[in-house]
Amino acid sequence: MPVRGPSGPVVQALGEIHREAFLPGAVAALARQAPPLVVPDVLVTPSVQVVATLIEALGPAARGRVLLVGCGVGYLAAVLSRVARELSVVDDDATLVALATRSLERVGCLAAGRGVDLRCGDESVGAPDRAPFDAVLVARSLDEPPTPLLAQLADGGVLVCPIGAHRRTQQLLRVTRVGDRERRESLGSVPLYGRIGDLLVDLGACKRSTVEEAARVASQHGTRIGEALGVDEAELYRGLALQHDAAFAPATALVGELDPALARSVPRPFLEKHHVLPVKREDGTLTVATSDPETDLGDLARAFPSQAFDVRVVTPTDYRRLWSVIDLQSTKATPLAKSPTRSEDLLDREGTMSAHAVALFEALLLDAIGERASDVHLERYGDEVRVRLRVDGDLHDRPRFQLTPDDLRKVVNVVKVSADLDISEQRLPQGGRFRRRAGGQTFDLRVQTQPSLYGEHVVIRLLAQETKLLTIEDLGFPGPVAREYRRLLDSPAGLILVVGPTGSGKSTTLYAGLQVLARDSTRKVISIEDPIEYSVPGVQQTQARPDLGFKFADAMRAFVREDPDVILVGEIRDHETALEAIRASQTGHIVLSTLHCNDATDAVQRLVDLEMHPNSIGSELLAVVAQRLAKRTCDACRVEVEPDAEIVAELFPDGAPSGLVSVAGRGCPRCGGHGTRGRIAIIEYLRVGADVRRAVSRGLSLDDLRKVAHDSGLVTMRKSALELVQRGVVSLSELRWVLSAERMAPERPDRPWD
């Protein structure tokens with residue numbers, strides 16, 4: 001018998017209790033309070049529909065004395081407390097009980113008179129001292145309702161619990177006690193763990209609008225929504241783990257426990273077919289890593305009889321990383337330690353590359369991809385080989401890759417062959433590129449070799465081709481700036497510049513604007529880039545070929561004859577390109593481009609240095625966005641800390657204002673112990689209005705121009721950074737890496753926050 005729609009009391013309770021207060025981010029914030037609690041990996045907030053279904057299944061008994069078995073994060077208990085006359089809650093996980101207690105206190109569900117008894121205890125035993133109950137609701141999947149719980153029902157009382165082996169969808173069973181007998185009825189299925197898109201929204205990995213768009217694209221192309229979402233691979237598989245009530249684990253947490261002999265005891269084709277990998281066996285429990293949470297472990301159970309399984313969900317990339325460790329240990333006795341043997345042969349006698357060097361290179365790439373690295377650095381200093389990854393702007397040593405100089409030479413050879421470079425040339429720098437697939441993604445790898453005192457160094461830049469392009473909102477622009485930037489894109493003509501040093505996210509900001517323009521089918525958008533980093537649907541993208549005489553300026557002259565409305569120039573590098581950009585904006589086109597300079601007003605001086613006339617700059621320049629990238633504080637381990645006195649003194653020479661907030665990340669598995677995860681743009685925004693235009697045309701000095709810009713509403717990088725600090729997005733200590741010493745102090749002492 002199916003459950004009917006929610007009744008009045010349930011609807012009212014759902015309206016009073018806001019689910020957002022129980023989502024992972026809010027619960028993690030509560031967990032950081034004293035005493036701090038470790039948030040479990042499996043932390044699911046049931047949907048409003050599931051909560052309504054479970055409570056409505058109890059019928060009128062929900063308004064009596066109720067026992068809830070399994071508190072979760074407290075959302076179901078909070079809603080139920082508004083319906084039931086008395087509510088008892090029991091859970092065998094002390095951490096969950098503590099988290100639920102804090103959540104319920106915050107929403108006022110543990111106030112005096114509520115009649116809620118929350119305790120830690122054996123779930124199968126229930127709360128016999130509070131019995132009998134009019135209703136028992138079990139929020140855990142069971143094979144059979146425990147007899148002690150049935151015994152605690154009053155005559156006519158009901159017990160509702162999910163039944164079934166499938167972790168995502170359960171059959172809802174209702175048992176009614178009639179005297180000494182039980183009447184059982186099935187209420188249909190209930191999806192306990194929700195859809196992957198909803199879970200990713202709950203985790204903060206993407207927005208609801210992104211999920212809806214991905215669902216539309218997936219429906220059109222017949223693919224899974226997870227493939228169309230374009231979110232970070234780790235976030236996607238963290239969501240899949242939650243969806244299947246399993247633990248998520250990064251490869252770094254499993255490598256130290258990996259038992260290669262255990263993995264080799266089962267045929268590899270079988271393990272790879274089922275996407276599973278035995279990691280370790282301890283006290284009768286087999287830890288298994290899998291990149292497919294729905295895989296059937298029945299056949300693996302026959303290979304390891306009498307073993308309980310501890311399943312850890314890993315990303316496809318991390319699954320390959322674990323195999324690469326096993327492969328390397330099979331190739332040499334100590335794969336990631338220094339090799340005792342040396343060979344002058346860079347190639348095998350058959351003319352093929354060393355299998356060990358290929359395996360090492362694959363392991364390096366998989367490690368870099370798994371760590372979200374933007375670059376891999378291979379360096380040699382004497383007999384020491386250094387392997388470093390750039391993650392979120394910082395270089396980190398990878399000590400587990402202890403290569404010998406001989407190993408490095410062979411790996412460099414593998415890189416050169418892959419990038420179609422000359423392996424015999426070791427005296428001159430070389431550059432090339434190639435592609436690799438990993439974890440369902442295609443990566444464009446840009447290679448640069450550099451001769452040094454002890455041999456060649458290599459830098460490999462990784463660009464994921466399927467990465468979702470950020471929108472203007474994703475960039476972290478302040479609200480007013482985001483709205484004005486969007487408005488500028490609707491201008492009939494003019495020049496918009498994004499400036500900053502290499503690696504400051506200029507192209508990402510341009511692509512965000514390009515996406516807005518491309519969605520307008522009434523405008524033609526053309527770009528000339530070197531290289532084309534990402535494909536943008538609806539934009540005619542062209543690759544510059546300086547080696548063939550096709551430069552930015554050449555493309556600009558050709559573009560204006562193709563009736564475009566918007567032209568994107570990858571970078572203004574020289575006088576010729578700057579001149580063509582100014583001319584294109586004068587002839588009725590929106591031109592977007594980048595410059596290498598330090599701040600927004602410095603962009604004007606840079607154009608003057610490129611021999612642009614001040615009058616032309618003043619008349620055509622619409623706005624300048626200058627930016628740097630700052631490391632985001634990890635949401636999972638963020639805590640409030642005492643502000644650094646030295647930094648505060650530099651920021652506020654006249655004394656810190658009240659309300660200053662300082663946060664830092666403690667380090668956790670999600671951020672790899674760094675305390676930061678991802679980066680955000682800190683921007684300076686200059687809108688070229690009448691006053692600034694006159695100042696540019698008069699050729700004022702840089703300092704005088706900046707004063708005029710301030711008076712005209714310049715949004716400084718310092719102000720943007722302090723806003724992010726106050727919101728807890730970046731740490732106070734990060735500002736020294738973003739702001740120069742001159743920009744740390746307020747430029748207007750009467751306004752310390754500006």
Side-chain angles (χ1 to χ4, degrees), residues 1-17 46 48 50-72 74-92 97 100 104 108-142 144-163 170-188 190 192:
M1 183 179 72
V3 181
R4 66 179 186 276
S7 59
V10 178
V11 171
Q12 182 179 347
L14 290 169
E16 293 174 355
I17 303 298
V48 172
V50 167
V51 168
T53 298
L54 292 175
I55 297 177
E56 202 60 45
L58 298 174
R63 295 192 286 274
R65 301 184 73 245
V66 180
L67 170 65
L68 173 62
V69 178
C71 65
Y75 179 52
L76 176 56
V79 177
L80 193 53
S81 72
R82 303 283 179 168
V83 178
R85 185 176 76 252
E86 290 184 18
L87 176 63
S88 298
V89 185
V90 61
D91 195 297
D92 57 14
V97 171
L104 293 171
C109 290
L110 292 184
R114 287 288 180 192
V116 178
D117 175 56
L118 181 59
R119 63 177 70 176
C120 181
D122 190 338
E123 295 179 358
S124 63
V125 173
D129 58 312
R130 302 271 296 181
F133 297 102
D134 300 306
V136 175
L137 176 58
V138 182
R140 295 276 193 271
S141 176
L142 300 173
E144 182 68 19
T147 301
L149 296 183
L150 293 171
Q152 292 170 38
L153 286 174
D155 191 17
V158 298
L159 178 146
V160 171
C161 68
I163 296 290
Q170 304 283 305
Q171 294 298 312
L172 209 55
L173 174 69
R174 179 161 63 196
V175 182
T176 305
R177 181 173 181 178
V178 184
D180 295 332
R181 294 180 295 107
E182 299 171 1
R183 185 175 71 246
R184 300 191 172 207
E185 53 188 327
S186 175
L187 303 179
V190 56
L192 289 183

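All residue numbers in this chain count up from 1 along the given sequence.
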Which side-chain N or O atoms in residues 146-154 pair as donor and acceptor under 3.5 Å with protein atoms at least two apart or in another chain?
| from | atom 1 | to | atom 2 | distance (Å) |
| --- | --- | --- | --- | --- |
| Q152 | OE1 | A127 | N | 3.2 |
| Q152 | NE2 | V125 | O | 2.5 |
| Q152 | NE2 | P148 | O | 3.2 |

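Side chain of R65 to main chain of P132: a donor-acceptor pair is present (N/O by atom type, distance under 3.5 Å, no hydrogens or angles). Under the 3.5 Å distance criterion, the side-chain polar atoms of R82 are left unmatched by any main-chain donor or acceptor of G15.
By the 6.0 Å contact criterion, CZ on R181 is open, its count of non-hydrogen atoms from other residues, nucleotides or ligands being 12 or less.
Residues D91 and E123 meet the side-chain proximity criterion, which asks for heavy atoms closer than 4.5 Å. Annotation: side chain of V160 is not in contact with side chain of V138 (no heavy-atom distance under 4.5 Å). R85 places none of its side-chain heavy atoms less than 4.5 Å from the side chain of R63. L68 places none of its side-chain heavy atoms less than 4.5 Å from the side chain of F133. In this structure, the side chains of R130 and V90 stay at 4.5 Å or more apart for every pair of heavy atoms.
Residue L80 forms a side-chain contact (heavy atoms from CB on, under 4.5 Å) with just one option from V66, V10, L54, and that option is V66. Among I55, V50, I17, the single residue meeting the side-chain contact (heavy atoms from CB on, under 4.5 Å) criterion with L76 is I55. Put simply, the residue from S186, C161, P162 that forms a side-chain contact (heavy atoms from CB on, under 4.5 Å) with Q171 is S186.
Closest approach of A100 and C71 over heavy atoms only: CB-SG, 3.8 Å. Across every non-hydrogen atom of L14 and A52, the tightest pair is CD1-CB, 3.9 Å. Scanning both residues, A57 and L187, for their nearest heavy atoms gives CB-CD1, 3.6 Å.
Checked against side chain to side chain contact (heavy atoms under 4.5 Å, CB included), V158 has the following partners two or more places apart in sequence or in another chain: L58, A61, A135, R174, T176. Under the rule for a side chain to side chain donor-acceptor pair (under 3.5 Å), D134 has no partner lying at least two apart in sequence or in another chain.
Rounding to the nearest 0.5 Å gives a distance of 9.0 Å between CG of L67 and CG of L137. Separation of atoms CG (D117) and CG (D129) is listed at 7.5 Å; rounding is to 0.5 Å. Going from atom OG of S81 over to atom CD of E86 covers 12.5 Å, rounded to the nearest 0.5 Å. Interatomic distance, L118 CG to L87 CG, rounded to the nearest 0.5 Å: 8.5 Å. Here OG of S124 is found 9.5 Å from CG of L142. Values are rounded to the nearest 0.5 Å.
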